[in-house]
Amino acid sequence: MTQARDPKERSRIERYDPVSIEPRWQARWEELGLHRTDLDDTKNRYYLLTMYPYPSGDIHIGHWYIKTPTDAIARYQRMHGKNVFLPIGFDAFGLPAENAAIKQKISPRDWTMSNVANMRRQLRQMGATFDWSSEVVTSDPDYYKWNQWFFLQFLKAGLAYRANSPVDFCPNDGTLAREQVEGADRRCWRCGAKVEKRDLDQWYLRVTKYADELLDFSEIRFPDPIRMMQTNWIGRSEGGEIVFESAPSEHHPGGEEIRVFTTRPDTLFGATFMVLAPEHQLVGALTAPERREEVAAYVARAQVATEIERLSTDREKTGVAIGADAINPVNGERIPIFIADYVLATYGTGAIMAVPAHDERDFAFAKQFGLAVRQVVAPAGAEGEALSEAYVAHADDEALVNSGEFSGLPADEGGRRIVARLEEQGKGKPAVTYRLRDWLISRQRYWGTPIPVIHCDQCGIVPVPEEDLPVLLPDTVDYAGVGVNPLTRDEAFLNVKCPSCGGPARRETDTMDTFMDSSWYWYRYLSPDRADFPIDHDRVETWTPVQLYTGGAEHAVMHHLYGRMFTKMIRDLGMVRQNEPWRRVFNQGQILGADGERMSKSRGNVQDPDELVSKYGADTVRLFLMFMGPWDQGGPWSPTGMGGVYRFLNRVWALSLDPHYREPGDPDAGTLPDGQDEPAARAALRAAAHRTLRDVTADYEVFHFNTMVAKLMELTNTLFRYRGSSVAGVEDWDEAMRLVLLMLAPAAPHISEELWSRRLAARGEAWSSIHKETWPTVDETAAAESTREVPVQVNGKVRDRITVPADADSAAIEAAVLASPRIQQLLAGRAPDRVIHAGGGRLVNLVLRDG
RNA sequence: GCCGGAGUGGCGGAAUGGCAGACGCAGCCGGCUUAAACCCGGCGGCCGAAAGGCGUGGGGGUUCGAAUCCCUCCUCCGGCACCA
């Protein structure tokens, strides 16, 4: 039998050398077309999408953290007979290319494409099963042509429009969509610069049309936090729109309608003044002559203030009276009108009825300006007391007070009745307001999709005819520096004949928000070469909605919302039938630098995966990323523990290639652990393997990769205890090893392929890839235990453990418990007052009253 | 301030009403080695000599039984920023 070996024999098995194994298998898989998906085979299709990277230059560990578990899912599903499509591409337009071009004096295209080339190489190192034949690069005219085409369809359908309005403007990046302005101090999401306001003519997509529909998540499975964030972002508020009229005065005839939106129509009797946004259209018409100067000064100041700083939300309220009154439609009362910058022009109607008794902001303003506070909602018994702060709470017993004929009604009902009354009189109606804005897509940048319109002095704005698409982005342009769009000075690009009148005209120089590109790329993946249409209708019908979309949570209210909007828009154009682009979105956590900060080159905390791969191999890096914690959690990068995963793979290697090995001098060589006999040892091996298979399968299903790896380690540790024993290498051992390799295959595809091929060779069987194997099924009989340990509690504290046959019923367990000497001692002759059998005999709790 | 998530050994984490700390890292002990590394085996929450007691951010509650459910407070992370 096996015996201690000479130390020299340690090297008798080949060392695990991932660096030589991995590229070999990667080449082989590619050669065999193992990852090429037949898109016309529509059986068992599984569209697995992972966010395409921005070609910043290098793949970093964060990309691996998203993509390698995604690949494990792809491989796992293939082993279940699924026809998995896992495409990849590059989000290749955007500002960094332009900045690099200015700095390094190379063209954004060259910079981008050389990065793409490097990242393709790095992505291949992962050993991921990307189908490169469907690759999409958004800066290719073949791709962005279709952005332009979609834009023209939206224009025709009235879903795209041009408007002059104050827009958020970054000195570096130009126009930003509302979502791209971050934080209280309003900084650019990309460069962090302070965002200003500018009045500009810009292109919008009418996505507010979908506000209500976007709140319906029934056809898409998002993580809860993302759903909440989108819901908040859309910001639906229900209430009423109420029409006040301006009161007649010596300088003004009155009768001008001023509409306000309120979520609290029940407080209408408490309106003691009105506030307009400084930008409100009626400010000019309503302001009394003697107030004009002060009002104009405030309006000017407010403009500057919004441009410069609105840091604090609890700063002092400012505003000025405009010397006019409004008439409260419910009681005919005259209330003074103010302008103040705490009322936003962009929300609701840009005007509010101010109810200081029931709104904190109005209360602060009233205090500041000595205005009346009239309470109109009060909990029972609390009427008439002076308020030291706004009463905004909701009590069950509250009712309207000081509200004319509505007094005494519960607040909710009172509010509804007030709106109903006003509606009869044509002075109000129920209304809904959203925080969501239309999507502003114009960018004053070069490296993006040119917006396909032409400005003609005679004909105005003329869409580029579809047959003239794409409007090509000129490759040779002259950069003046940051903040200047070189297209505005490119005469060859600018000058064009008007498609309508043939006269001289100029091209639009704005390009599209790159979120346009990323809002439909998964449709293009299905037919990247199709020249006559953006998407292949039949394939889109059969392959989408995407089954699972993996990527970062940082896109919760941008990409994830735009993608949904875009699908709804093209659905309304009849191009797709589904309501949502993806069935399920999974957001993995973010890997931070070792310092806990976001990884970035400027902070110098970026982890380069190439370095790790050359040291440990891709399999170890993949497995480590899955093992370090729950996938949706992320966390600061720390390579501590990488060695443990590498050790684990080495142990799998050793077990697989040399089951009989024993340490020199090991006195246990050839013997079985725990005094087991051989049949018991064989059964234990099979049981361990099949229980692990059961658990690992469940973990793969729900993406619990960290525990999946832990359980494989456990099984490996068990096998190691039998290594060199009399059951090493027997049939049951061999079956366990087979299962280990199959379970490992999705996560660590190279080593499992290598060991699989050696295993086949050793058995004299012809080679075939482990990745074409079928996922094994659990043998429940083998997995079943013959005996079971039952913890015994007394009053909830574990006092003993007893071993019973696996099929023991409660009565048998109870008898065994009461027979235990330890328990008898604790009971001291008493009978338990209650015996709890928990979880189908998993645990017994004896309850004794009064100690 | 509002919305959401989280808080468990020295560290990453496991357990989602039933044995707290699986698995791994770091550490300690032993084996192998001339030696070290590698490798192999073992120990490992805290207090205590032991019996035992205490222990999942703090406090309270529900339950035979709570890391897990409820209330409340604290801390950290993400999102929003006067949204009427």
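What's counted below: heavy atoms across the whole structure, side chains too, no hydrogens, waters or symmetry copies.
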Any side-chain hydrogen bond (donor to acceptor under 3.5 Å, both in side chains) involving residues 261-270 of chain A? Give me the pairs, sequence neighbours left out, ordered by first then second residue.
->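 As it turns out, the side-chain hydrogen bond (donor to acceptor under 3.5 Å, both in side chains) pairs with a partner in residues 261-270 of chain A, which skip direct neighbours, are R264(A)-D266(A).
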Partners passing salt bridge (charged side-chain N to carboxylate O under 4.0 Å, His left out) against D17(A) (at least two apart in sequence or in another chain) =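 Residues passing salt bridge (charged side-chain N to carboxylate O under 4.0 Å, His left out) with D17(A): none at all.
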Report the residues that fulfil salt bridge (charged side-chain N to carboxylate O under 4.0 Å, His left out) with D695(A), sequence neighbours left out, ordered by chain and then residue number.
->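 Result, salt bridge (charged side-chain N to carboxylate O under 4.0 Å, His left out) vs D695(A): none returned.
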Taking only nitrogen or oxygen atoms into account, show me every contact under 3.5 Å that the protein makes with nucleotides 3-11 of chain B, one pair per line with its distance.
from	atom 1	to	atom 2	distance (Å)
C3(B)	O2'	N232(A)	ND2	3.3

Using a heavy-atom cut-off of under 4.0 Å over every strand shown, decide if [X] touches base, sugar-phosphate, or nothing.
X: R822(A); answer: sugar-phosphate
X: S237(A); answer: sugar-phosphate
X: Q633(A); answer: sugar-phosphate
X: R437(A); answer: nothing

Start at the 5' end of RNA chain B and walk down; is the nucleotide closest to R264(A) or to A838(A) reached first?
->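 The answer here is A838(A).
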Output field: ring centroids F627(A)/F648(A) closer than 6.0 Å |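 Ring centroids of F627(A) and F648(A) are no less than 6.0 Å from each other.
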Mind calculating the distance between CG (L592(A)) and P (C76(B)) to the nearest angstrom?
->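 The distance from CG of L592(A) to P of C76(B) comes to 17 Å, rounded to the nearest Å.
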Rounded to whole angstroms, how far apart are NE2 on H704(A) and P on G13(B)?
->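 Taking atom P of G13(B) as the reference, NE2 of H704(A) is at 14 Å.
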Nucleotide nearest K797(A) when distance is taken to its side chain, options C82(B), C54(B), A84(B) =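 Side chain of K797(A) sits closest to C54(B).
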Using atom names, set out every protein N or O paired with an N or O of nucleotides 20-24 of chain B below 3.5 Å, distance rounded to 0.1 Å.
from	atom 1	to	atom 2	distance (Å)
A22(B)	O2'	E714(A)	OE1	3.4
A22(B)	O2'	E714(A)	OE2	3.3
G24(B)	OP1	N717(A)	ND2	2.9

Using a cut-off of strictly less than 4.0 Å, decide whether K317(A) has a side-chain nitrogen or oxygen near OP1 or OP2 of A84(B).
->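 For K317(A), the contact criterion (side-chain N or O under 4.0 Å from OP1 or OP2 of A84(B)) is not met.
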Give a yes/no answer on whether the side chain of R15(A) brings an N or O atom under 4.0 Å of OP1 or OP2 in C39(B).
->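 For R15(A), the contact criterion (side-chain N or O under 4.0 Å from OP1 or OP2 of C39(B)) is not met.
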Residue from L719(A), L655(A), V696(A) passing side chain to side chain contact (heavy atoms under 4.5 Å, CB included) with V740(A) |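 It is L719(A); the other options fail the test.
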If a stem is a run of at least 3 consecutive Watson-Crick or G-U pairs, both distances under 3.5 Å, which stems include RNA chain B?
->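 Looking at RNA chain B, the stems formed by three or more consecutive pairs are B:1-7 with B:74-80, B:10-12 with B:23-25, B:27-31 with B:39-43, B:45-47 with B:52-54, B:57-61 with B:69-73.
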Residue E360(A) excluded, over 12 heavy atoms near CD under 6.0 Å |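 No, because the 6.0 Å sphere around CD of E360(A) holds 12 heavy atoms or fewer from other groups.
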Inspect the contact between K194(A) and E196(A) and indicate whether a charged nitrogen and a carboxylate oxygen are less than 4.0 angstrom apart.
->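 So E196(A) does not pair with K194(A) through a salt bridge.
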Could you tell me how the ring of Y646(A) sits relative to the ring of Y16(A): parallel (under 30°), tilted (30 to 60°) or perpendicular (over 60°)?
->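 If you compare the ring of Y646(A) with that of Y16(A), the planes turn out tilted.
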In terms of ring plane angle, is the pair F222(A) and H560(A) parallel, tilted or perpendicular, where the classes change at 30° and 60°?
->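 Taking H560(A) first and then F222(A), their aromatic rings stand perpendicular (interplane angle over 60°).
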